[in-house]
There are 2 protein chains.
Amino acid sequence: MSGAPQKGSTLKPALPKSDAGVHPCAACEVREHAVCGALTLPELAKFGGAMKHISLEAGDHLVDEGESETHVFSVTAGCLKCFKLLPDGRRQVVGFVFPGDFLGLAKADAYTSSVEAVTTATLCRMDRRELEKMSTSIPNLDKRLHEMASEALAELQGQLLLLGRKTAHERVATFLTMLSRRAEERGLPGNPVDVPMSRDDIGDFLGLTTETVSRTFSRLRKDGLIGGDKDRRVEILDEDGLTDIADGF
Amino acid sequence: MSGAPQKGSTLKPALPKSDAGVHPCAACEVREHAVCGALTLPELAKFGGAMKHISLEAGDHLVDEGESETHVFSVTAGCLKCFKLLPDGRRQVVGFVFPGDFLGLAKADAYTSSVEAVTTATLCRMDRRELEKMSTSIPNLDKRLHEMASEALAELQGQLLLLGRKTAHERVATFLTMLSRRAEERGLPGNPVDVPMSRDDIGDFLGLTTETVSRTFSRLRKDGLIGGDKDRRVEILDEDGLTDIADGF
DNA sequence: CGTCGCGTTGATTTTGCTCAAGATGGGTGG
DNA sequence: CCACCCATCTTGAGCAAAATCAACGCGACG
């Protein structure tokens, strides 16, 4: 694990709110979108007290598939990728995680995928046993975790449909609409959409090669569905058209 | 929903056990593998009391993707498939469910996939609200559901790797080893392995066509990895070889 | 005995992969 | 400040794995 674990709990100085003074977590800007959003202020203080902040640089490695699952994480900034590998190096990105997302929903003995930072990122880290204790004493927390796991299950089923049955064109369209939707869920603009990951990572997420991803972007651009001259920032020009392609119409 | 809902709770007459007399569910032969396995006898009586038995014939349709999620189910016998459809009819089977498996782990407003019986099947059905009430009052139940959801998440991630990065050959090998493993988990022989679903269903699960599945079975048979002359019963002749192919070696 | 659903096999096509060669652009050092 | 460098991205040409299209075998069932 790289990235220096730091003591301290806020990314930005706590703003003077009615919340302030209880626990610095109260001022966390992603709180509402994270597990933490389900907690009352006293619960939050207890929960936040068991968290440590860590930060990673792009490419830094957080956990390895198969290693003992000692910690869980809540992402506060940046983007990370979760992936599985085959012996010959073939890679499948099983998910990208963004601020508010939780790592460790599937309680298992070992991590079910490796996790690596796509961009500079910050996370809160908690001991897995600690989480389990808290989860039994804080019903709200348990409920929220269950809820997040449910969303993850639904999301994964959609990804199965994508990988099993959609064309390259449909996959990329789905990917862009998904990124846009998720940005909006976090209160960010969904258009133009920020694409922090490389073509390689996108390919490994969509079950395609870099080249096919690149060609598909080019085609979507030529067809006037997307615009933007920068690789990592895509303007959606025809949202309905893109959604139709994504949904297989 | 087809299949006549029946009152009554056991598939077989309760055997005279120390368990007997509390609730017929105590004698259910899949109890240990199902959600129910986590419950004490009084809890089981309460839980089982809210269940209704239903049975389906092969091809019968249990729920539709998108329709309001009013019920949850626990499979007691047979095999069912969960699938998603694209507008043009392309289909992705997101999972096969066997006795002991639970339908409704992902609490959502609407079913995230359609479910249809692959073989004659029996299930226990419970109102979703009922389950939620019970789940708050029976911590064991809640814990078990969470646990099952975790397993499902891990399973789905493996399926993403399969669909995104494995060859047809590897997919079919993975499928057979998975069926075998799951049969053993239920206390059944893992070899020869029972393959209750059609080549079509297998194809829609593995992201392949019927023809490719069929050819791949033929090749595995020719290569001496599997045997058995019947379509729906496969003998694994070289378990290590099959596992190696499945794992990408 | 004929039909129908399912599985197998063969011939051909196609989508996306592989291999290869440039373009682009951000970062670094002179 | 500019030139170079290296990552990343793009584009092209040929190829291969699996899809499609088509025919046929076989057992179940009426």
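Here is the naming used below: chain letters follow the sequence lines, and residue numbers restart at 1 for every chain.
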Nearest-0.5 Å distance, NZ of residue B/K84 to CZ of residue B/R91
14.0 Å

Check whether any side-chain heavy atom of B/P99 lies under 4.5 Å from a side-chain heavy atom of B/H33, and answer yes or no.
no

Students often get this wrong, so: under 4.0 angstrom with heavy atoms, is A/S198 touching a base, only sugar-phosphate, or nothing?
sugar-phosphate

From CZ of A/R221 across to P of D/dC9 the rounded distance in Å is 12 Å

To the closest 0.5 Å, what do you measure between CD1 (B/I226) and CG (B/L237)?
8.0 Å

Between P of C/dG16 and NZ of A/K166, the distance in whole Å:
14 Å

A/D200 has an atom CG; how far is it from atom P of D/dT10, in whole Å?
12 Å

With a 4.0 Å cutoff (strictly under), does any side-chain N or O of B/S218 reach OP1 or OP2 of C/dT9?
yes

Let me know the distance between CZ of A/R233 and P of C/dT24, rounded to the nearest Å.
22 Å

Syn-anti status, with the boundary at 90° from 0, for the nucleotide D/dA7:
syn

Using only side-chain N and O atoms of A/T212, determine if any of them is under 4.0 Å from OP1 or OP2 of C/dG16.
no

Write down the partner of D/dA7 under the Watson-Crick or G-U wobble criteria, each distance required to be under 3.5 Å.
none

Minimum-distance pair of heavy atoms, taken over all atoms of B/L103 and B/C82
CD2-SG, 3.7 Å

Take atom NZ of A/K222 and atom C1' of D/dT11, then tell me their distance rounded to the nearest Å.
13 Å

Round to a whole Å and report the spacing from CG of B/L206 to C1' of D/dA17.
16 Å

Have a look at B/G59 and say if it touches a base, only the backbone sugar-phosphate, or nothing, with a 4.0 Å heavy-atom cut-off.
nothing

Given D/dT10, C/dT9, D/dT8, identify the nucleotide with an atom nearest to the side chain of A/R232.
D/dT8

Establish whether the base of C/dG10 is bridged to the side chain of B/R215 by a donor-acceptor pair shorter than 3.5 Å.
yes

Given DNA chain C, 5'-ward residue of the pair A/A168 and A/E211, judged by closest heavy atom
A/A168

D/dG27 pairs with, by Watson-Crick or G-U criteria that keep both distances under 3.5 Å
C/dC4

Measuring from the side chain of B/T209 (C-beta onward, heavy atoms only), which nucleotide among D/dT10, D/dA19, C/dG7 has the closest atom?
D/dA19

Would you indicate what B/G203 reaches in the nucleic acid, counting non-hydrogen atoms under 4.0 angstrom: base, sugar-phosphate, or nothing?
nothing

In sequence, state the C-alpha distance, the side-chain angles, and the governing distance for B/V30 and B/R186, and then conclude on side-chain contact (heavy atoms from CB on, under 4.5 Å).
CA-CA 8 Å; B/V30 302; B/R186 280 176 283 131; over 6 Å; no

Can you measure A/R171 atom CZ to C/dG16 atom P for me and round it to whole angstrom units?
7 Å

note: B/E170, atom CD; D/dA18, atom C1'; distance rounded to Å ~ 14 Å

Side chain of A/R199 only, please: which of C/dG7, D/dA19, D/dC9 is the nearest?
D/dC9

Any side-chain donor near an acceptor of the partner, B/T120 and B/E57, under 3.5 Å
yes

